[in-house]
Protein chains: 2
Amino acid sequence: MLVGMPRWESDAQGRLERAALELFETQGFERTTVAQIARTAGLTERSFYRYFPDKREVLFAGNELEAHLAAGVEAADPGLTPIEALLNALGTADEVFQSREFLLRRVKVIAASPALAERDLIKLADIAEALVGALDHRGVEPGKARFIIDVAIAVSRRATSRWLADPDATLSDLVAQTAAELREAVAPPTRTAG
Amino acid sequence: MLVGMPRWESDAQGRLERAALELFETQGFERTTVAQIARTAGLTERSFYRYFPDKREVLFAGNELEAHLAAGVEAADPGLTPIEALLNALGTADEVFQSREFLLRRVKVIAASPALAERDLIKLADIAEALVGALDHRGVEPGKARFIIDVAIAVSRRATSRWLADPDATLSDLVAQTAAELREAVAPPTRTAG
DNA sequence: GTCTATAGGGCGATAGAC
DNA sequence: GTCTATCGCCCTATAGAC
């Protein structure tokens with residue numbers, strides 16, 4: 001036996017994640033079995049469930065984004081309004097994103113499966129809930145915090161969608177542009193005399 | 001055989017829905033089986049699936065809210081801004097709600113189960129998607145429409161949550177109040193000289 | 001790893017209503 | 001006869017228990 005020959009191939013979780021994305025792309029989520037993902041990654045079905053509590057989670061592992069955003073809001077200048085603090089943090093989300101290539105593949109797979117779309121939404125809701133705690137430290141009451149977070153996430157979704165489509169723009173610029181769009185949309189209309 | 005004696009008890013779907021809510025309340029969603037719901041409603045498990053494509057859906061049947069909101073937006077005064085049209089419609093959502101009593105039971109059951117919370121979120125997303133079509137008829141581009149809808153839904157969620165807690169306020173008043181809160185939250189801060 | 005309950009789909013049988 | 005609601009039985013996959 002050669003020295004340095006590992007007993008198991010490394011990064012079982014990563015292999016499962018890559019195998020799953022690949023299979024979901026080619027066959028669709030519903031028509032892919034957990035056993036198939038595991039086999040493709042050189043593992044057994046049982047081992048899959050050691051890494052992921054259910055089949056959907058294989059596309060949603062990791063808390064980096066939530067942690068990054070919460071940290072960003074906690075660290076924000078106390079002089080900023082809550083929405084400013086949130087949007088600044090959301091504008092740096094790309095710091096924890098994978099390659100745009102990978103994100104686009106993932107977004108497409110998720111959009112193609114209602115089951116994955118559900119999971120995606122609750123993951124976003126989990127992030128929102130985590131940010132309530134961060135705003136709480138700034139003295140924002142939870143109900144109001146959740147409301148402002150929902151608005152900020154709406155801005156972020158629009159900005160991120162644009163950013164995925166336009167390789168040249170920066171995310172934080174698009175967040176700022178979308179925030180301006182928000183201010184305009186909620187302002188009372190200028191009813192010019194007709 | 002007596003005249004008027006139906007072969008089956010009527011309203012099988014309603015019986016399933018009531019049995020499910022009751023069982024989810026007492027046992028929780030996960031610990032309730034489809035067979036149990038069906039038995040309680042006097043049906044078999046197989047028949048359950050004739051009415052609902054899956055176990056979660058038993059709490060989410062019906063499209064009344066989506067239809068009501070889409071119709072409200074379609075019928076809105078063309079002079080209103082998109083967000084005004086949306087918020088007006090959302091302020092009348094109570095017209096298609098069940099009793100507050102029933103809503104509170106349902107909200108509690110959904111909040112207690114991650115699986116049901118997921119389904120709840122995607123139902124809201126489905127409504128949002130339907131409203132994109134309604135705003136399209138008003139000449140709003142889809143990406144922008146979805147953004148404004150997400151913001152309006154954030155307002156509506158906060159207003160509805162307050163309305164459920166406060167039996168005396170009207171939903172449309174609370175929507176208006178929350179819209180004012182939104183305008184204040186997104187306005188640049190008045191930085192008084194320090 | 002093995003075992004098992006449950007979800008959920010396919011297909012056909014049955015039995016009134018018409 | 002057709003239509004429609006229900007049930008029966010078979011199957012696989014998920015996911016949790018042991």
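Chain letters run A, B, ... following the sequence lines, proteins first and then strands; every chain starts at 1.
- Rounded to an integer number of Å, the gap from CZ of B:Arg50 to C1' of C:dA13 is 12 Å.
- Within residues 23-40 of chain B, the residues having any heavy atom closer than 4.0 Å to DNA chain C are, in order of number, B:Thr32, B:Thr33, B:Val34.
- Taken together through direct or relayed side-chain contacts under 4.5 Å among Ile, Leu, Val, Met, Phe, Trp and Tyr, B:Ile122 and B:Leu59 form parts of separate hydrophobic clusters.
- Distance NZ (B:Lys55) to P (C:dG9): 14 Å, rounded to an integer number of Å.
- Transitive grouping of hydrophobic side chains (ILVMFWY, heavy atoms separated by less than 4.5 Å) brings B:Leu65 and B:Val73 into a common cluster.
- The distance between atom CZ of A:Arg119 and atom C1' of D:dA15, rounded to the nearest whole Å, is 12 Å.
- Regarding B:Leu116, its CG atom lies at a distance of 13 Å from the P atom of C:dA7, rounded to whole Å.
- Partners of A:Gln177 under the side-chain contact (heavy atoms from CB on, under 4.5 Å) rule, at least two apart in sequence or in another chain, are A:Leu174.
- When the nearest nucleotides of DNA chain C are assigned to B:Glu45 and A:Thr44 by heavy-atom distance, the more 5′-ward of the two goes with A:Thr44.
- Interatomic distance, CH2 of B:Trp163 versus OG of B:Ser172, reported as 11.0 Å (0.5 Å rounding).
- In terms of heavy atoms, A:Gly42 sits closest to A:Arg15 at O-NH2, 4.3 Å.
- Rounded to an integer number of Å, the gap from A:Glu57 CD to D:dT14 P is 15 Å.
- For the pair B:Phe48 CZ and C:dT6 C1', the computed distance is 13 Å after rounding to whole Å.
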Can you name the atoms? Protein N/O to nucleotides 16-18 of chain D N/O, anything below 3.5 Å, with the distance.
residue : atom : partner : partner atom : Å
D:dA17  : N6   : A:Arg46 : NE           : 3.3

For a quick test of your reading: what N or O donor-acceptor pairs under 3.5 Å do the side chains of residues 111-120 of chain B make, sequence neighbours left out?
residue  : atom : partner  : partner atom : Å
B:Ser113 : OG   : B:Glu30  : OE2          : 3.4
B:Ser113 : OG   : B:Ala115 : N            : 3.3
B:Ser113 : OG   : B:Leu116 : N            : 3.1
B:Glu118 : OE1  : A:Arg56  : NH1          : 3.1
B:Glu118 : OE1  : B:Arg56  : NH1          : 3.4
B:Glu118 : OE2  : A:Arg119 : NE           : 2.4
B:Glu118 : OE2  : A:Arg119 : NH2          : 3.1
B:Arg119 : NE   : A:Glu118 : OE2          : 2.4
B:Arg119 : NH1  : B:Asp54  : OD1          : 3.2
B:Arg119 : NH1  : B:Asp54  : OD2          : 3.3
B:Arg119 : NH1  : B:Glu57  : OE1          : 2.4
B:Arg119 : NH2  : A:Glu118 : OE2          : 3.1
B:Arg119 : NH2  : B:Asp54  : OD2          : 3.3

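- Taking B:Phe29 as the reference, B:Phe24 meet the ring-ring contact (aromatic ring centres under 6.0 Å, His included) condition, with sequence neighbours excluded.
- Listed by chain and residue number, B:Phe48 satisfy the ring-ring contact (aromatic ring centres under 6.0 Å, His included) test with B:Phe52 (two or more places apart in sequence, or in another chain).
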